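First up is the structure itself, then whatever we jot down about it.
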Amino acid sequence: MLKEGPYNPIESEKAMLNFWLDNKFYKPEFDPSVDKVKTTEEMKSDIREAWALICPPPNAYARPHIGNISGYAYQDAMARYARMQGKKVLVMPGKDHAGLEGEGVFVREVLEKQGRNKFEMKREDFYKEMMEFFLKNIDIAAKDEREIGLSADFDRDTFTLDPNIVETVLNTFVEMYKDGRIYKGVRIVNWDPKARTAVADNQCLREERDGKIYYIKYLVKDDSTNNQEPATRNYVTVATTRPETMFGDTAVAVNPKDPRYTDLVGKTVIIPLINIEIPIITNPKVLTDFGTGVLKITPAHAQDDYQIMQEWNAANPDKKIGYRNVVSQELKLVGTVPTKFKGRKYKEALPEIIEDLKTIGQFDHEEIIKQNILITERTKAVVEPLMSSQWYLKYDGLKEAAIEMVKEGSVQIHPDNMVQKFNHWMDNLRDWAISRSLWWGYRLPVWYGGKVTEEINEEGQVTEYIEIDGNKEVLDYSNPDHLKVQKENPTQSENSKLKTQNWYQDENVLDTWFSSGQWVYATLTKYDLMDTFFPTTVLVSASDILENWDSRMMMFTYFKDKKEPFKNLFLTGIVLGKDGQKMSKSKGNVLDVDQIRNEYGSDALRMAYFYQNSAGGSYVISPDKLKNFKQFNNKLWNAAKFVLQDFDTTTYNPQPTTLKLDLSKQIIEHITSVKEKVTKNIDNYEFGYATETLYDEFWHKFCDELIELSKKHTNSVRNKETNEIISEPNIDEKNEMKNVLIYTIKEYTKMLHPFIPFITETIWQEMPKREGDFRSLMYTKW
RNA sequence: GGGCGCUUAGCUCAGCUGGUUAGAGCAUCUCGUUUACACCGAGGGGGUCGGGGGUUCGAAUCCCUCAGCGCCCACCA
């Protein structure tokens with residue numbers, strides 16, 4: 001019997017969760033036709049169609065809020081629907097170590113609060129403590145997954161730093177290196193001086209700040225040797241916010257269409273204070289209406305300048321310009337700077353540099369401007385662009401393959417307007433810097449035959465040196481005595497020469513996305529399930545990681561298996577707070593998971609994730625909505641109670657066919673058309689429509705109209721004043737009506753199950769069953 | 001600057017390829033109901049569908065344009 005009174009989600013959800021977990025319904029090995037858990041081998045060979053979804057592993061360093069866990073509702077709805085269609089369903093959960101972000105949280109939330117500092121610790125101790133911190137948080141995250149109803153195979157929950165995963169990821173690195181796809185090179189990087197690491201472009205934020213822009217005169221050198229007209233002026237003025245980097249200028253650039261400067265192109269100017277001669281080049285990106293229209297090019301310390309240098313060099317191979325790095329990782333002036341400034345922090349030296357410029361009469365003036373500063377997402381430190389040697393990955397061939405997957409439809413993106421976003425990103429991909437100077441993550445499987453140092457020489461060139469047996473030489477990436485890419489420490493090998501040499505492992509770890517990008521096949525490989533569940537059916541990810549994660553997974557998987565990792569890519573929208581802004585802790589518009597579940601129940605929360613929402617679209621979750629769905633659940637509860645009440649089970653007719661009452665026929669038509677519609681909606685990944693249809697039809701058509709009409713066939717009529725029974729219902733009519741209502745409400749619980757699993761399962765337990773109905777709604781035939 | 005999207009009732013949103021008087025939930029007001037459910041039902045008020053222009057027999061829906069908002073990308077030194 002269903003309990004009297006309003007629906008109690010806390011009680012029901014706990015009971016149903018235990019029912020599912022105790023019976024291991026969540027595992028693909030569970031087969032409802034024999035009602036037991038098979039062995040993995042038996043499962044692999046059984047005839048049910050395979051259906052797989054690998055969960056995006058959440059960052060396991062903090063308690064998630066209701067926005068963070070919205071994806072689970074979608075993953076779960078798809079999985080439950082697939083089970084009800086008789087498929088063997090694998091939903092594999094995981095947890096992410098979150099590289100840079102994870103280390104940042106640990107340093108801030110744990111170490112700094114205890115007054116400790118990472119750099120006073122040994123790498124191994126740091127790693128061990130962080131692992132403990134993560135393992136604790138993993139348990140919390142796993143609990144939330146269960147309680148929101150995610151029907152995942154929790155026995156196969158996997159951490160990204162699991163030894164098996166590490167093995168796969170490092171193998172890929174070695175393979176890609178051998179393939180010539182991974183290389184080491186000196187490039188401009190976004191240097192985070194606080195974290196002492198390079199960070200990716202998309203881990204930086206722009207912030208508007210007041211700054212100064214300085215106008216500095218560069219003398220034009222009259223070059224009479226190359227038969228050109230003499231310059232019409234003896235200096236040009238450049239505008240810059242970073243005067244200290246002028247020592248690293250290797251050119252100044254003007255727009256080729258700028259009539260003010262056409263006479264100067266091809267001539268040279270002299271950098272003040274150090275008297276280095278640099279050419280005047282052209283680039284169409286130089287703005288004519290900003291500053292003076294003359295841009296100083298400092299390829300070592302500005303991303304844009306680096307880009308301009310590359311474009312110029314590609315177009316003018318005989319007149320290449322280089323770079324000179326004049327700011328070190330410690331933010332000190334180095335290389336081709338005046339001797340008096342060498343080794344000093346550039347910020348301290350700046351006023352003196354300005355003074356010196358004034359003294360020689362080459363300082364024009366300064367202005368206050370609004371400027372966009374690049375800061376890192378994690379440490380909020382101002383990014384210092386500089387040259388450093390990094391490991392890179394070439395996307396050549398992989399990106400074309402991924403674009404093709406989407407184009408020819410082996411990967412279908414939902415909603416399809418995201419395809420444009422995807423293509424735009426892919427078309428603009430450049431080589432990816434994959435190394436990070438962190439301790440938390442996968443240390444590079446790279447070994448050096450001696451101590452390696454990175455130095456900036458007198459000319460500002462960044463070079464790596466290696467010291468073997470007291471001899472220091474330039475590090476040669478192709479020399480096997482200098483560098484080896486392999487998982488094992490070379491001293492472990494049989495080769496006696498290698499054994500005696502001192503080998504040093506590269507200090508860097510891989511960028512998180514390098515491992516996340518391999519998540520699908522790495523996890524399936526770990527559990528030896530590639531043969532059955534690869535490629536997976538669908539990936540459900542938040543729309544903001546389409547570029548970072550989803551696209552990389554397609555490229556890595558293509559590299560490894562020449563196949564797509566998933567056949568469908570469903571992008572969920574972002575959950576907004578009541579203020580219409582993205583829900584996030586820093587904005588203070590977060591709703592707490594426990595509080596919401598206690599007040600409204602997981603089902604109500606899940607319904608709010610689906611109702612009227614479309615793929616990729618953001619949506620607000622507010623107490624108003626949650627209250628509404630709690631009431632909906634109660635409506636369902638009461639309707640089920642009413643239908644079951646006073647029902648003679650001996651008259652149960654599982655599939656009412658020969659119907660006498662017009663109302664019966666009307667109700668059967670109603671539920672048939674609703675089912676048709678909802679099935680179509682779900683097949684099209686339109687969960688917003690599916691839940692809207694169910695909500696409307698169930699409440700306002702079935703309950704408000706049809707059940708009310710049915711009462712004249714099922715209820716006795718009483719005298720209003722005396723409450724005496726005037727007439728009893730016709731028993732045949734009543735039985736037919738009851739059976740029709742029970743049939744209908746069973747159909748509704750089935751259709752609602754993917755969205756609100758707890759309450760529907762609770763009701764299902766009390767429903768009379770027919771053949772084909774399973775004891776759990778999870779495996780009842782759709 | 002480029003790309004994508006949004007703007008419909010006080011609030012949150014539907015309205016799918018143009019076709020009757022533009023819909024729902026919440027909120028509000030009126031009435032009813034205690035033999036499933038006050039976490040209920042019936043009904044009402046409330047909209048010149050962001051502004052302007054165009055195509056059409058017909059536009060919230062298609063096109064152009066302007067304005068505002070959001071997200072992503074980006075080269076204002």
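We name chains A, B, ... by the order of the sequence lines, and we start the count at 1 in each one. This structure is a prediction, so every number in the text was calculated from the model and none was measured.
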* To do: May I ask you to verify if any side-chain N or O of K627(A) is less than 4.0 angstrom from the OP1 or OP2 atom of A27(B)?
  => yes
* Structure fact -> Answer for the Watson-Crick or wobble partner of C57(B), both distances under 3.5 Å, is G19(B)
* Asked: Going by modelled atom types, is there a donor-acceptor pair between the base of A36(B) and the side chain of E708(A) at under 3.5 Å?
  -> yes
* Separation between the P atoms of C49(B) and U21(B), rounded to whole Å -> 15 Å
* Using the P atom on both, measure G53(B) against G58(B) and round to a whole Å. => 16 Å
* Asked: Got a donor-acceptor pair under 3.5 Å from the side chain of N634(A) to the base of C39(B)?
  -> yes
* Kindly point out which of A36(B), A77(B), U12(B) is positioned nearest to the side chain of K625(A)? => U12(B)
* So, is W699(A) near the phosphate of C37(B), with a side-chain N or O under 4.0 Å from OP1 or OP2? -> no
* **P spacing across the pair C64(B) / A27(B), given as an integer number of angstrom** => 41 Å
* Asked: What is the distance, rounded to the nearest whole Å, between atom CZ of F632(A) and atom P of C37(B)?
  -> 18 Å
* Asked: With sugar-phosphate meaning primed atoms plus P, OP1 and OP2, does G293(A) contact a base, only sugar-phosphate, or nothing at under 4.0 Å between heavy atoms?
  -> base
* Once the angle between the rings of F687(A) and F755(A) is folded into 0 to 90°, is it parallel (under 30°), tilted (30 to 60°) or perpendicular (over 60°)? -> perpendicular
* Quick one: Y600(A) OH to G25(B) P, roughly how many Å, whole number? -> 19 Å
* Asked: E244(A) and R242(A): salt bridge (charged side-chain N to carboxylate O under 4.0 Å, His left out), yes or no, with the steps?
  -> CA-CA 5 Å; E244(A) 71 277 8; R242(A) 305 267 329 253; 2.6 Å; yes
* Asked: Which part of the nucleic acid, if any, lies within contact of I707(A), taking any heavy atom under 4.0 Å across all strands shown: a base, the sugar-phosphate backbone alone, or nothing?
  -> base
* Structure fact -> H713(A) NE2 to U35(B) C1', in whole Å, measures 17 Å
* **Gap separating the CG atom of D603(A) from the CD1 atom of I756(A), nearest 0.5 angstrom** => 5.5 Å
* **K641(A) side-chain proximity, nearest of A36(B), C75(B), C26(B)** => A36(B)
* Asked: Are there more than 12 heavy atoms of other residues, nucleotides or ligands under 6.0 Å from atom OH of Y215(A)?
  -> yes
* Asked: U28(B) and U65(B): how far apart are their C1' atoms, nearest whole angstrom?
  -> 39 Å
* Asked: Under 4.0 Å: is that the gap between some side-chain N or O of K635(A) and OP1 or OP2 of G41(B)?
  -> yes
* Asked: Hey, are E705(A) and K701(A) close enough for a salt bridge, meaning a charged N less than 4.0 Å from a carboxylate O?
  -> yes
* Any idea how Y748(A) and F702(A) line up, ring-wise: parallel (<30°), tilted (30 to 60°), or perpendicular (>60°)? -> tilted
* Options A14(B), G25(B), A77(B), nucleotide nearest the side-chain atoms of H700(A) -> G25(B)
* Between G41(B) (P) and D704(A) (CG): distance, integer Å -> 5 Å
* Separation of atom CZ in F687(A) from atom P in A14(B), rounded to whole Å -> 17 Å
* On a whole-Å scale, what distance lies between the P atoms belonging to A22(B) and C40(B)? -> 29 Å
* Distance between C1' atoms of C31(B) and A36(B) (Å, rounded) -> 22 Å
* Structure fact -> Nearest-nucleotide check on RNA chain B, Y695(A) vs E705(A); residue mapping nearer the 5' end is Y695(A)
* Once you apply the 3.5 Å cut-off to both distances, tell me the Watson-Crick or G-U wobble partner of C26(B), or none. => G10(B)
* Tell me whether the OP1 or OP2 atom of A36(B) has a side-chain N or O from K711(A) closer than 4.0 Å. => yes
* **From CH2 (W549(A)) to CG (L569(A)), nearest 0.5 Å** => 9.5 Å
* State whether N715(A) places a side-chain N or O below 4.0 Å from either non-bridging phosphate oxygen (OP1 or OP2) of A36(B). => yes
* To do: Write down the partner of G41(B) under the Watson-Crick or G-U wobble criteria, each distance required to be under 3.5 Å.
  => C31(B)
* With heavy atoms under 4.0 Å as the rule, sort E692(A) into base, sugar-phosphate or nothing. => sugar-phosphate
* Mind calculating the distance between CZ (F698(A)) and P (C40(B)) to the nearest angstrom? => 13 Å
* Asked: If only side-chain N and O atoms of H301(A) are considered, is one of them under 4.0 Å from the OP1 or OP2 phosphate oxygen of A77(B)?
  -> no
* **N190(A) and Q303(A): side chain donor to acceptor below 3.5 Å** => yes
* **Integer angstrom distance from the P of U20(B) to that of U61(B)** => 14 Å
* Can you tell me how far C1' in G50(B) sits from the matching atom in C69(B), rounded to whole Å? -> 11 Å
* **Whole-Å gap separating P (A36(B)) and CZ (F647(A))** => 17 Å
* **Listed nucleotide nearest any side-chain atom of T241(A), set C37(B), C39(B), A77(B)** => A77(B)
* Asked: Can you check the Q631(A) CD to A27(B) C1' distance for me, whole Å?
  -> 12 Å
* **Selection from A36(B), C75(B), A77(B) that lies nearest to any side-chain heavy atom of D304(A)** => C75(B)
* Asked: Now, which nucleotide makes the Watson-Crick or G-U wobble pair with G70(B), with each of the two distances under 3.5 Å?
  -> C4(B)
